[in-house]
Amino acid sequence: MAAGDKRDNFMENEKLLRLEGVVENIVYRNELNGYTVLELSDGDDFITAVGIMPQVNVADNLTLLGGYTNHRSYGKQFSARSCEISRPTQAADILRYLSSGAVRGIGPATAKRLVEAFGEATLDVMEEQPERVAMLRGISREKAEDYSEQLKSNAGIRTLMIFLGEFGISNTAAVKIFSEMGASAVERIRENPYTLCDGDFGVSFETADFIAKKQSLPPDSEVRLRAGLTYILRHNHSNGHTCLPREQLLSMAADFLETERGRTESCLDEMLFDRTLIGDSFDGRQFIFTPKMHAAELYASSRIKTMLGFPADRITRIDEAIEDCELESGIEYAELQKKAITTALTEGMMVLTGGPGTGKTTTLNAIIRILKNRGMKVLLAAPTGRAAQRMSELTGEDAKTLHRLLEVSWDRHDNPVFSKNERNQLKCDAVIVDEVSMVDSLIFESLLKALPIGCRLILVGDSDQLPSVGAGNVLGDLVDSGVIPTVFLNEIFRQAQQSLIITNAHDIVAGRLPNLSVRDNDFFFMRRNYKQEAAQLLTELCEKRLPKAYGFSPFENIQVLCPSKKGELGTAELNHRLQAALNPKAEDKPEVTLGARVFRVGDKVMQVKNNYDIRWERENGETGEGVFNGDIGIIERIDKKQKRLTVNFYDKTASMSFEAASELDFAYAVTVHKSQGNEFDAVILPLFCGTPMLYYRNLLYTAVTRAKKLLIIIGEERAVEQMVYNDRRAKRYSALRAFLLRDDSIPGVS
């Protein structure tokens with residue numbers, strides 16, 4: 001069914017009920033998103049209605065579309081999918097409306113004077129003729145104008161919600177759109193529906209397309225083609241690309257927009273001319289960027305060249321410092337480790353990379369010790385909260401997330417704004433960043449802006465792991481450019497050689513099959529021929545066998561990792577299965593339905609988006625703000641009355657609203673991508689042959705290196721073979737390497 005057909009049949013498909021009545025009481029309202037609980041009188045009874053209903057006030061006449069639900073705590077409710085509001089027209093109702101505080105600055109006494117003066121025309125006069133209102137005693141012209149603007153604003157969002165509701169766009173999105181576009185939102189959208197794709201409104205290009213058809217905009221209109229080209233680039237940011245080759249972009253646009261290529265190409269050239277998009281040429285091809293992404297990679301390359309040209313002061317007597325470290329720690333460093341330490345102390349910038357068991361942490365600790373012994377201030381950071389926590393544990397030093405290091409705040413579009421920048425740089429002599437494979441182009445740009453000239457930058461990571469979730473290939477581009485001093489640690493130390501996890505990981509990254517036959521080490525393969533059998537075994541291991549044999553907790557020590565979210569062995573299905581086995585429904589376990597998920601006390605969950613507004617507290621009384629993408633914890637409390645839940649993220653306990661909890665997902669099973677930056681005592685990895693897009697070598701390598709003490713693969717040997725021999729390394733289009741290798745300081749922007 002086409003998008004238009006879906007929306008034309010919106011009411012029929014949903015079987016929505018219509019409810020009409022007058023608002024008697026506002027029980028609760030979230031001012032940020034408009035979620036409202038109210039009591040509605042339909043003439044015979046009082047009905048509790050819930051939904052996104054901003055600007056609804058006492059005495060409003062409502063027409064709601066939705067359906068009845070039976071809330072476990074609050075009983076029967078009407079859940080509104082859409083809401084139409086009519087202002088009261090009778091004098092008595094207008095008096096109730098104004099007395100309720102619907103218009104800021106008007107109380108019962110002022111409401112009475114207004115209604116006595118203007119009767120049933122009160123609201124119309126207030127909105128359209130503020131000069132008449134200002135003639136009343138005690139009401140200034142300024143106040144009258146303010147009343148008028150408030151009523152116009154209320155009317156504007158009502159009109160917008162009705163307009164967007166016809167296209168299946170939620171009231172939640174309408175609130176965001178009105179906040180951005182204001183009272184002229186409907187006119188702006190009618191003129192160019194594709195403005196809905198520009199902001200963080202959750203409106204798809206397909207929905208904007210449908211609105212455009214209703215407005216009779218032709219499919220090859222300039223606004224549609226411009227929006228489509230930009231949309232394709234932005235969509236591919238989520239696939240890791242900072243840019244796309246011109247020919248590929250045009251080919252994708254031809255399929256996506258279903259328009260004549262020549263018309264799309266002309267539009268692209270116009271966008272390049274007016275710099276709505278940016279074109280840049282390297283490797284014999286032209287690549288197309290959004291301005292923001294082009295600026296990020298261009299700035300990063302320029303800043304790195306400056307840092308290399310004006311490096312930190314070289315540290316002297318390094319051999320002596322290394323010997324002192326060896327004596328203090330009782331460790332004799334290998335030659336490559338000494339080279340890495342020396343490079344870090346003599347160069348202004350370096351990359352330290354290597355696989356598990358090669359001594360990265362030992363080397364890093366030596367570098368930190370020498371720098372601090374020389375009186376230098378060293379700051380440590382990592383991309384995620386879990387990675388920062390691990391860095392602290394391994395080094396004994398305080399480590400922050402990059403966002404906290406740069407002192408993040410958020411603008412009204414939920415985009416990060418950093419207090420530490422070119423005008424307010426970090427006060428330090430050296431910055432060390434771990435897990436750099438997870439750093440994307442935008443955060444890397446922000447980090448470089450915050451570094452003062454002469455500050456030493458040491459980047460640590462495993463270049464064989466999966467690249468960042470965000471756009472860019474920072475670590476790979478830095479290493480491949482050859483511009484940055486880089487030390488590869490490749491010797492597996494004797495103690496590490498006893499671990500099959502480590503030796504198999506190195507075999508995998510080298511394209512050799514891991515040893516799947518050993519039964520008395522830390523790496524086990526358990527063959528199963530059917531996915532249902534594998535899922536059953538996986539559940540048994542988590543629920544009974546591993547806790548009994550090793551004392552591992554399925555909540556704190558065991559982690560299931562999957563290549564994909566989908567399918568019988570994807571995270572969605574396994575989380576459902578594991579929740580039922582490990583934390584079943586019980587009378588003494590409160591639970592709440594948030595979206596499609598039913599969370600209950602005791603559930604293992606993961607934060608899937610950085611949220612710096614959530615407050616937390618540690619056992620020692622320390623408090624702070626910020627829960628980060630990848631943080632894993634246990635739900636300890638659900639308070640339905642306060643609409644809040646409490647999560648213990650192991651190192652801190654956070655209380656969050658139900659709204660903020662929408663950023664949680666189950667974490668009994670997570671994707672390999674989501675596990676980056678984490679390590680777990682035991683990892684269970686179900687593997688059956690799948691699409692080459694998901695079953696490739698460095699995804700398997702990343703999964704294996706998440707395990708500290710035990711790794712179990714369940715499934716087919718040929719799935720392991722498929723991944724080891726598939727060295728596809730998902731192609732990422734990025735420009736940092738090319739910009740670093742340019743001889744000219746001014747790029748050939750076209």
Side-chain angles (χ1 to χ4, degrees), residues 20-26 29-34 36 38 40-41 52-64 82-166 171 173-192 195 199 215 412:
E20 297 180 0
V22 178
V23 178
E24 295 293 333
N25 181 34
I26 303 295
R29 172 176 288 142
N30 183 318
E31 297 296 343
L32 292 177
N33 64 8
T36 303
L38 56 83
L40 193 75
S41 171
I52 304 299
M53 296 179 280
Q55 309 299 332
V56 170
N57 288 289
V58 170
D60 275 339
N61 297 295
L62 298 190
T63 300
L64 305 179
S82 70
C83 169
E84 294 184 16
I85 309 169
S86 301
R87 288 197 311 217
T89 56
Q90 302 298 313
D93 291 335
I94 294 172
L95 179 60
R96 283 186 65 219
Y97 175 79
L98 292 176
S99 298
S100 71
V103 177
R104 188 178 58 255
I106 295 180
T110 304
K112 184 177 180 181
R113 290 208 312 277
L114 286 164
V115 174
E116 285 176 348
F118 306 116
E120 294 180 353
T122 298
L123 296 179
D124 291 334
V125 172
M126 288 175 63
E127 184 175 338
E128 303 298 337
Q129 299 174 289
E131 68 279 1
R132 290 180 62 190
V133 175
M135 295 173 67
L136 297 180
R137 179 175 52 84
I139 300 178
S140 66
R141 182 60 185 256
E142 184 180 6
K143 282 185 178 179
E145 293 285 358
D146 180 51
Y147 301 157
S148 174
E149 289 303 314
Q150 289 187 59
L151 289 172
K152 287 177 179 177
S153 176
N154 290 350
I157 193 167
R158 291 168 181 169
T159 302
L160 178 64
M161 289 168 63
I162 293 169
F163 174 72
L164 295 177
E166 295 177 11
N171 288 349
V175 173
K176 289 185 179 180
I177 293 164
F178 188 82
S179 175
E180 172 68 21
M181 299 185 185
S184 63
V186 173
E187 290 73 21
R188 289 178 60 182
I189 294 168
R190 287 186 191 277
E191 182 179 332
N192 181 7
T195 57
Q215 306 306 313
R412 60 196 178 100

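Computed from a predicted structure; not experimentally measured. Positions are given from 1, in the same order as the sequence printed here. What you see below is based on every heavy atom in this structure, not just the backbone, and it leaves out hydrogens, waters and symmetry mates.
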Show me the pairs that pass salt bridge (Lys or Arg N to Asp or Glu O under 4.0 Å) and involve residues 132-141, at least two apart or across chains.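 For residues 132-141, and leaving out neighbouring residues, the salt bridge (Lys or Arg N to Asp or Glu O under 4.0 Å) pairs sorted by first residue read Arg141-Glu145.
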
Pairs where residues 109-123 contributes a residue and the test side chain to side chain donor-acceptor pair (under 3.5 Å) is met, not counting sequence neighbours: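 Every pair satisfying side chain to side chain donor-acceptor pair (under 3.5 Å) with a residue in residues 109-123: there are none.
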
Please name the pair of heavy atoms, one in [X] and one in [Y], separated by the smallest distance, quoted to 0.1 Å.
X      : Y      : answer
Lys143 : Gly138 : NZ-O, 4.0 Å
Pro88  : Leu123 : O-CD1, 3.8 Å
Leu114 : Leu136 : CD2-CD1, 3.7 Å
Met53  : Leu38  : CE-CD2, 3.7 Å
Pro108 : Ser99  : CA-OG, 3.8 Å
Ala91  : Gly119 : CB-C, 4.5 Å

Which value, rounded to the nearest 0.5 Å, describes the distance between [X] atom [atom1] and [Y] atom [atom2]?
X      : Y      : atom1 : atom2 : result
Ile189 : Asn192 : CD1   : CG    : 10.0 Å
Gln129 : Ser148 : CD    : OG    : 10.0 Å
Arg104 : Tyr147 : CZ    : OH    : 10.0 Å
Met126 : Asp146 : CE    : CG    : 9.5 Å

Step-by-step side-chain contact (heavy atoms from CB on, under 4.5 Å) determination, Ile94 to Phe118: CA-CA 11 Å; Ile94 294 172; Phe118 306 116; over 6 Å; no

Is there a side-chain contact between [X] and [Y] in this structure, where contact means two heavy atoms from C-beta onward sitting under 4.5 Å apart?
X      : Y      : value
Arg190 : Val186 : yes
Val23  : Leu40  : yes
Asp93  : Asn61  : no

For atom CD of Glu187, is the number of surrounding heavy atoms from other residues, nucleotides or ligands below 6.0 Å larger than 12?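 Counting other residues, nucleotides and ligands, CD of Glu187 exceeds 12 neighbours.
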
Assess whether a salt bridge exists between Glu24 and Arg96, defined as any Lys/Arg side-chain N lying under 4.0 Å from an Asp/Glu carboxylate O.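 Looking at Glu24 and Arg96, the cut-off is met.
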
Under 3.5 Å donor-acceptor, Asp60 side chain and Asn57 backbone: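 Yes; judged by distance alone, with no hydrogens or angles, the pair exists.
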
